[in-house]
Amino acid sequence: MDPAAFEWNAMHGWAIATAAMVSAGCAVVGTLLVVRRMSLLGDAISHAVLPGIAVAVLAGGRPGGPLVLLGAVAAALVTVGLTQVLRSEGGLAEDSSAGVVFTTLFAAGVVLITAAASRIDLDPSCVLYGILELVPFDTIRIAGLEMPRAFVTAGLVFATILLGCVLTWKEQLFAAFDPDAARAAGMPVTATTIGLLAAAALATVASFEAVGAILVVAMLVVPAATAELLSRRLHRMMLLAVVIAVVSAAIGYLAAWHWNTSAAGMIAVVLGAAYVLAAVAAPQDGLVARLAAQAALNWRVTAEDCLAFLWREEESARRGPESRDRGGWTLRQRVALAWMSWAGGVLWTADGWRLTDSGRTRAETVVRSHRLWEAWLGHHVKLPLDHLHPPAEWIEHHLGADVRARIEAEVGGRDTDPHGRAIPPEQTS
Amino acid sequence: MTIPYNTLVVAAGVAAVGFAAGVVGSLGVLRKRALAGDAAAHATLAGVATAFLVSGRRDLPVLLAGGLASALLSLGGLVLIRRFTKTRDDAATAIVLGVSFGIGIALLSGITARGIPGGGGLEQFLLGHTAALTAADAALLAGVSIAALAAVWLGLKEATLVAFDPAFAAASGWPVAVVDYCLVALVAVMVVVGLPAAGAVLVTALVVIPPVAARLWTDRVGPMLLVSGCIGLVAAVAGVVASGLVPRLATGPMIVLTAAAIFFVSLLFAPRRGWLAKRLGPRFPLTVE
């Protein structure tokens, strides 16, 4: 590519700033939409604001002006209202009624714009994916500084949304996580929801010139869903969503510049990449982290089963004729034993594997958990003897010292399990 | 006024698409998968653009095959997100829809910006434009639609059972998940076939609005499929005619508006479930004395 094409100028700075501002507003609203499971309403609204914008422009408003903002908010509320009416009057499912309403309104908007194309400067393809690249050329002078009109609009909308969000934070939080309790506590849940929908409409219409109608969905939902994988607190999730949105907007714009394609499209692609990255590598909820945690648990269970087996062998050797490790370990158990011999739990001798003192302590804890659970089941559930082992085999890896103490108290301090075998005492280390 | 032969053939082909989309969509709506097709529909654009870049030509069969591939890929992505992340279904659908559409737009704009010959016409897949279709294209669309109808004929019993009582179907040993996958794949096929007529953004309406309108007229599955198919057919033909009369008007919005008008009439005048019937019809006392 021609290196001259990369020449930086203020126009690109303003385009990136506009995209970032627009994305930040969407991310704030999107966070609340995602936690309230209303993502598809965001989708519906982003389609349905089109006729509102078209009518407002026909009535003399200019793109990005107050009349257009008003028209978009009205259209969004009409969408949601119509969806509700269809649900109650027509008995439709929520997604069917939303599907009917937003496709119809979007179609009406496209027809309006096509029919009035000679009179208004809105282009159907611009409506679909915006023209971020042209945003810096429509400027307005504020306090002596020449700024793109779309940036000013987006900034005002972002400030409005942020203010609304801060002022109603408690209500939003309550309505999001326990709407029934919120309603019972006298919170205005419906008003909160309408406010959220109006905010979604504002964010959508502010994004309209920059990214178009359809790609707003990505900017609303993807940063929030990505942030949700990275955090479990709402305020942190919202902050992360805004950061992800702003960074993706900048990277997407630069990538689009590099490959000479639509900035809005590339921003959505970068957001998608961010989501995939988080889904795979998030510290707690990522795929890798969860698989690793699962594998670690599996290995712990295998290792503890080996220790407990060796401990039981020692126990029966104390009672009866000499018994020892007869081998017969599976490959998985061999690996676990080798690892434990390195960690100091077992020792390889001429007679096979033997427990070390620390290994014996750990094994006794496992066997104690196992037999206490059998005792508790035998005491409370009245299961037949041969049904006690399987659940105990499973739970022996998951009982803590305090639970063991409570079970021991419950079963009346018995020192044998229902099979008559001794329950080892609690190990104090 | 004589109608050109080509327009007649195209109208017939699109009519078949409308009918089949109405029938297949009915099963989707009954199974409450109304918006599953929406993510697939937005994803088709990326496949269409990729198919154009790879083949270098604008042959409808190649482009639609690409669209179907990316639609199925997006549905696969949806399944992966549901299976392996804690992201909830609504957000998962929105993510797949938004991101795959973004990929499509990026590819499409890249093609347009580079001035690749023939690439300009690809934008017709956004909102639908039937004027450019040939008789051979229409025959392909009609053929796939008839195949989809045959598939519905074969699987109607299973699909109905799973739609109305999935728990019973599972308990009786029916492979509910397989039936669901087949149903969603069939919806994806109809979405792809509907693409040239209705466009990626609005083709969902073709599989949602006619079934929802038909549901108001009847409580039985067979009649619902037929009524839904007929509504789809009428809407499709009306869209083709309207966009033929007004040169710059895209076909998709006109199809959707016709279907929506029929839905609105149904909502008012359908027997028993309609607004009028509810206001005027006999009232049944709900209390027992």
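All chains are named by letter (A, B, ...) in the order of the sequence lines, taking the proteins before the strands, and each is independently numbered beginning at 1.
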Chain B-proximal positions within residues 100-108 of chain A [heavy-atom distance under 4.5 Å]: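 Hits under 4.5 Å: V100(A), F102(A), T103(A), T104(A), F106(A), A107(A), A108(A).
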Over 12 foreign heavy atoms within 6.0 Å of NZ, K86(B): yes
For F177(A), does the CZ atom sit with more than 12 other heavy atoms under 6.0 Å from it, leaving out its own atoms?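 Enclosed.
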Minimal non-hydrogen separation, [X] against [Y], with atom names:
X: T87(B); Y: A225(A); result: CG2-CB, 4.4 Å
X: M254(B); Y: V111(A); result: SD-CG2, 3.9 Å
X: A94(B); Y: V221(A); result: CB-CG2, 3.7 Å
X: S96(A); Y: V212(B); result: CB-CG2, 3.8 Å

Between atom [atom1] of [X] and atom [atom2] of [Y], what is the distance when rounded to the nearest 0.5 Å?
X: F264(B); Y: L86(A); atom1: CZ; atom2: CG; value: 10.0 Å
X: I105(B); Y: M266(A); atom1: CD1; atom2: CE; value: 13.0 Å
X: H47(A); Y: D38(B); atom1: NE2; atom2: CG; value: 6.0 Å

For the candidates [options], which exhibits the highest count of non-hydrogen atom pairs separated by less than 4.5 Å from chain A?
options: L80(B), I81(B), L108(B); result: I81(B)
options: I255(B), I95(B), V208(B), L216(B); result: I95(B)
options: R215(B), H42(B), R88(B); result: R88(B)

Counting only heavy atoms closer than 4.5 Å, note whether M38(A) contacts chain B via side chain, backbone, both or neither. backbone
Find the one option among A98(A), A282(A), G286(A), A268(A) whose heavy-atom pairs under 4.5 Å with chain B are most numerous.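 Counting heavy-atom pairs under 4.5 Å, the top option is A268(A).
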Starting from the C-alpha separation in whole Å, work towards a yes-or-no answer on side-chain contact (heavy atoms from CB on, under 4.5 Å) for D43(A) and L97(B). CA-CA 9 Å; D43(A) 182 19; L97(B) 186 155; 3.6 Å; yes
Where on F101(B) is there a heavy atom nearer than 4.5 Å to chain A: the side chain, the backbone, both, or neither?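 For F101(B), the contact with chain A is made by backbone and side chain together.
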Does any non-hydrogen side-chain atom of V99(B) lie less than 4.5 Å from one of V269(A)? no
